[in-house]
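Below is one structure, written out as structure tokens; comments come after it.
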Amino acid sequence: MQETEIKLYVPDLAAVEARLRELGATLAHARVFEKNVRYDDAARSLTTARRVLRLRQDDGVRLTFKDDGAAVDGGPYTRFEAEVSVGDFATTEIILGRLGYRPYLTYEKYRTTWALGDVEVMLDEMPYGNFVEVEGEGSAILPAVVLLGLGGAPRMTASYGLLFDRVRERLGLAFDDLTFANFAGLTVPLAALE
């Protein structure tokens, strides 16, 4: 139950997809829209401890818990992750609420997942920019990044939620959710993410 990955800022996902095809990668999951809701208690104890409790809906519904992690081998990031499929988004929200957890961030993305050797390569379209996540065994991640021609791409160690906090602060944005509607017409420079 370990997640080991590296997240890169890559504006041109079409070029990455073309490279994946050249390398003989397999499309593991076609492009899908995700609605993600992060939960915390009133004291924000999960966020303070760098823990994540997330409910995600795409072509299924999953509840995920992630613990704080650390960089491995000077590159990828690893942390505990446990995920379970649940049958009903609304009912799971009720259960979380009865346990004292409330939504504090909704974020949207489109994700396409490719299998390349021993890693998964996720092409993530976020409201504030495009990213590539490479996930797998720690020793396989950096070689895959090099194969993809992304060795010089800016690396992001923060979660999408923390990146959103940076963008909000640096651009003076007043909205609380990371949605495509909120970012319509906005251009987010790389400097706002770093």
Rounded to the nearest 0.5 Å, what separates atom CZ in R54 from atom OG1 in T64? 4.0 Å
Backbone N/O of L46 and side chain of D40: donor-acceptor pair under 3.5 Å: yes
Is any side-chain heavy atom of L150 closer than 4.5 Å to a side-chain heavy atom of V16? yes
Enclosure of R170 CZ (heavy-atom neighbours >12, cutoff 6.0 Å): yes
Have D58 and H29 got a donor and an acceptor in their side chains that come within less than 3.5 Å? no
For the pair R111 and E133, find out whether any cationic side-chain nitrogen is under 4.0 Å from an anionic carboxylate oxygen. yes
Decide yes or no on side chain to side chain contact (heavy atoms under 4.5 Å, CB included) for Y107 and R38, but give the supporting numbers first. CA-CA 8 Å; Y107 66 96; R38 296 264 308 260; 3.8 Å; yes
Just how far is it from atom CG of L63 to atom CG of L53, taken to the nearest 0.5 Å? 5.5 Å
Look at D176 together with R168 and state whether they make a salt bridge at an N to O cut-off of under 4.0 Å. yes
Side chain to side chain contact (heavy atoms under 4.5 Å, CB included) test vs F131 passes for just one of L13, L163, L123, namely L163
Under 4.0 Å between a Lys/Arg side-chain N and an Asp/Glu carboxylate O for E22 and R19? yes
Start with the C-alpha distance between E5 and V134, add both sets of side-chain angles, then the distance that settles side chain to side chain contact (heavy atoms under 4.5 Å, CB included), and finish with yes or no. CA-CA 5 Å; E5 68 181 17; V134 182; over 6 Å; no
T157 versus I6: any side-chain heavy-atom pair under 4.5 Å? no
Restricting to non-hydrogen atoms, name the atom on K7 and the atom on A158 that form the minimum distance, rounded to 0.1 Å. NZ-O, 2.9 Å
Do V84 and L96 share a hydrophobic cluster (ILVMFWY, side-chain heavy atoms under 4.5 Å, transitive)? yes
Is the closest side-chain heavy-atom distance between T26 and L116 below 4.5 Å? no
Minimum side-chain heavy-atom gap R51-F65 below 4.5 Å: yes
To the nearest 0.5 angstrom, please state how far the CG atom of D118 sits from the CD1 atom of I141. 10.5 Å
Give the minimum heavy-atom separation between L171 and T187, together with the two atoms involved. CD1-O, 4.5 Å
Hey, does V86 have a side-chain heavy atom less than 4.5 Å from the side chain of L55? yes
P11 and N130: which non-hydrogen atoms are nearest, and at how many Å? O-ND2, 3.0 Å
Tightest non-hydrogen contact, residues V10 and A153, listed as CG2-CB, 4.1 Å
Yes or no on salt bridge (charged side-chain N to carboxylate O under 4.0 Å, His left out) for R31 and E125, after CA distance, side-chain angles and deciding distance? CA-CA 10 Å; R31 183 177 186 257; E125 303 163 54; 2.8 Å; yes
Just by distance, do the side chain of R102 and the backbone of D41 share a donor-acceptor pair under 3.5 Å? no
Applying the 4.5 Å side-chain criterion to the ILVMFWY set and letting contacts propagate, would I94 and V61 be lumped into a single cluster? no
Please step through side chain to side chain donor-acceptor pair (under 3.5 Å) for the pair S85 and R62, ending with a clear verdict. CA-CA 4 Å; S85 293; R62 291 181 304 285; 5.8 Å; no
Are more than 12 heavy atoms, taken from residues, nucleotides or ligands other than Y101, located less than 6.0 Å from that residue's OH atom? no
D124 and Y160 side chains, donor-acceptor separation under 3.5 Å: yes
Within this structure, what is the OG1-CG distance for the pair T106 and N182, rounded to the nearest 0.5 Å? 10.0 Å
In one Ile/Leu/Val/Met/Phe/Trp/Tyr side-chain cluster, 4.5 Å: L27, V132: yes
With the side chain counted from C-beta on, respond yes when K109 and N36 share a heavy-atom pair under 4.5 Å apart, and no when they do not. yes
If you define the side chain from C-beta out and look only at heavy atoms, does anything of R155 sit under 4.5 Å from Y9? no
Shared hydrophobic cluster for L193 and L186 (ILVMFWY, side-chain gaps under 4.5 Å): yes
Quick one: sort the Y128 and F183 rings into parallel, tilted or perpendicular, breaks at 30° and 60°. perpendicular
Considering only heavy atoms from C-beta outward, does the side chain of P154 approach that of L190 to under 4.5 Å? yes
Atom pair CG (L173) and CG (L178), whose distance is rounded to the nearest 0.5 Å: 10.5 Å
Basic-acidic side-chain contact under 4.0 Å: K66, E83: no
Tell me whether the guanidinium CZ or amine NZ of R44 lies under 6.0 angstrom from the six-membered ring centre of Y104 and within 45° of its axis. yes
Roughly how far, to the nearest 0.5 Å, is the CG atom of D88 from the CD atom of Q57? 8.5 Å
D177 side chain vs T179 backbone, donor-acceptor pair below 3.5 Å: no
Provide the closest heavy-atom pair for A28 versus A115 in the form atom of the first, atom of the second, distance. CB-N, 4.2 Å
Could you go through the side chain to side chain donor-acceptor pair (under 3.5 Å) check for E93 and Y39 one step at a time? CA-CA 9 Å; E93 282 187 306; Y39 290 82; 3.2 Å; yes
Is there a path of hydrophobic side-chain contacts, each under 4.5 Å between heavy atoms, that joins M126 and F33? no
Dump the intermediate steps for side chain to side chain contact (heavy atoms under 4.5 Å, CB included) on V121 and T113, then the final yes or no. CA-CA 6 Å; V121 179; T113 305; over 6 Å; no
Report the C-alpha distance between K35 and E108 in whole Å, list the side-chain angles of each, state the deciding distance to 0.1 Å, and finish with yes or no for salt bridge (charged side-chain N to carboxylate O under 4.0 Å, His left out). CA-CA 5 Å; K35 175 185 175 184; E108 300 173 338; over 6 Å; no
Heavy-atom pair of closest approach, residues E194 and M156: CG-CE, 4.1 Å
